[in-house]
Amino acid sequence: MSTRDIVYIALFAAMTAALGLFPAFSLPVIGVPITAQTLGCMLAGAIAGAKRGALAMVLFDLLVAIGLPLLAGGRGGLGVYMGPGGGFILSWPLAALLIGYLYQRGLRSLTLVKELLIIALGGIVVIYACGIPWIAAVAGITLKQAALGSLGFVPGDIVKVVLAAVIVRAVRRAYPTLS
């Protein structure tokens with residue numbers, strides 16, 4: 001692993017932590033907070049790439065697990081993973097990995113629509129695919145109830161996907177040799 005890799009991993013883990021400074025609010029039905037931190041996961045994959053983006057999110061998860069209060073609202077520790085939002089947070093490395101992989105495969109032929117789809121696939125579909133079953137298991141509700149309760153996340157996540165695509169396009173224009 002090069003120094004550049006370590007810097008990217010640390011940078012995107014820190015950026016995800018910094019996004020936790022934005023106030024979170026919880027949906028009353030499922031008790032999972034809506035935060036800006038999934039934006040960090042999306043950007044990590046799209047900018048740092050599959051390996052570095054995923055490792056940045058693993059580092060972030062490890063720091064939270066050991067008790068650092070890096071999640072929105074100053075939360076941290078293993079207890080966070082045992083709650084209803086644990087599946088969402090644990091999915092971030094996988095989401096960053098997929099986003100980074102798809103970006104790397106299509107880097108030369110990316111359009112805005114393709115970028116939006118890639119980020120939505122990793123940043124919404126993968127995260128919900130892990131988070132919704134986790135909510136159902138922890139809260140003792142059906143998958144349908146967990147999915148319906150999670151619908152409140154969708155508008156904010158769509159905004160984060162669009163914001164991530166705009167940021168990534170600007171960064172890639174400014175640094176075309178970024179890899």
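No hydrogens, no waters, no symmetry mates; every other heavy atom, side chains included, goes into these values.
For the atom pair L21 CG and L70 CG, the distance stands at 9.5 Å (nearest 0.5 Å). Residue I9 holds its CD1 atom at 10.5 Å from CE of M57, rounded to the nearest 0.5 Å. We find the OG1-OH distance between T38 and Y128 to be 8.0 Å, quoted to the nearest 0.5 Å. Here CG of L55 is found 13.0 Å from CZ of F12. Values are rounded to the nearest 0.5 Å. Remark: D157 CG to L39 CG distance equals 10.0 Å, nearest 0.5 Å. Taking CG of D5 as the start and NZ of K51 as the end, the distance is 5.0 Å to the nearest 0.5 Å.
Two residues are said to be in side-chain contact when any heavy atoms from C-beta on lie closer than 4.5 Å; M42 and V161 meet this criterion. Contact of the F153 side chain with the I127 side chain is not registered, since no non-hydrogen atoms from C-beta on lie closer than 4.5 Å.
Residues forming a salt bridge (charged side-chain N to carboxylate O under 4.0 Å, His left out) with D61 (at least two apart in sequence, or on another chain): none. Residues passing the salt bridge (charged side-chain N to carboxylate O under 4.0 Å, His left out) test with R105: none are found, sequence neighbours excluded.
R172 contributes a side-chain N or O that, together with a main-chain N or O of A46, makes up a donor-acceptor pair within less than 3.5 Å. Under a 3.5 Å cut-off, the side chain of K160 and the backbone N or O of I124 do not form any donor-acceptor pair. Remark: side-chain polar atoms of Q37 are paired, donor with acceptor, to backbone N or O of T16 under 3.5 angstrom. Panel note: side chain R75, backbone L71; no donor-acceptor pair is recorded below 3.5 Å.
Cluster annotation: V159 and L112 are assigned to distinct hydrophobic clusters (Ile/Leu/Val/Met/Phe/Trp/Tyr, side-chain heavy-atom contacts under 4.5 Å, transitive). Hydrophobic clustering of Ile, Leu, Val, Met, Phe, Trp and Tyr side chains at less than 4.5 Å, counting indirect connections, unites I158 with I34. Cluster annotation: I167 and Y175 are assigned to the same hydrophobic cluster (Ile/Leu/Val/Met/Phe/Trp/Tyr, side-chain heavy-atom contacts under 4.5 Å, transitive). Transitive grouping of hydrophobic side chains (ILVMFWY, heavy atoms separated by less than 4.5 Å) brings L148 and F88 into a common cluster. Note on M15: it clusters hydrophobically with W92, by side-chain heavy-atom contacts below 4.5 Å among ILVMFWY residues.
Closest heavy-atom contact between A95 and C41: CB-SG, 3.6 Å. What you find for A96 and A54 is that their closest heavy atoms are CB-N, 3.9 Å. Minimum heavy-atom separation, L116 to A165: CD2-CB, 3.6 Å. S91 and C130 make their closest contact through CB-CB, 3.5 Å (heavy atoms, listed as atom of the first residue, atom of the second, distance). Contact record, S150 with I135: OG-CD1, 3.7 Å, taken as the closest heavy-atom pair. For the pair A13 and F60, the tightest heavy-atom approach, listed with the atom from each and the gap, is O-CD1, 3.6 Å.
Using a 4.5 Å cut-off between side-chain heavy atoms of Ile, Leu, Val, Met, Phe, Trp and Tyr, V113 falls into a hydrophobic cluster with L117.
Each of L11, V168, I99 was compared with I47 under the side chain to side chain contact (heavy atoms under 4.5 Å, CB included) criterion, and only V168 meets it. Each of I118, I119, L121 was compared with L98 under the side chain to side chain contact (heavy atoms under 4.5 Å, CB included) criterion, and only L121 meets it.
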Derivation and outcome, side chain to side chain contact (heavy atoms under 4.5 Å, CB included), residues M1 and I6: CA-CA 7 Å; M1 189 173 293; I6 294 168; 3.8 Å; yes

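Counting non-hydrogen atoms of neighbouring residues, nucleotides and ligands closer than 6.0 angstrom, the OH atom of Y101 reaches no more than 12 such neighbours.
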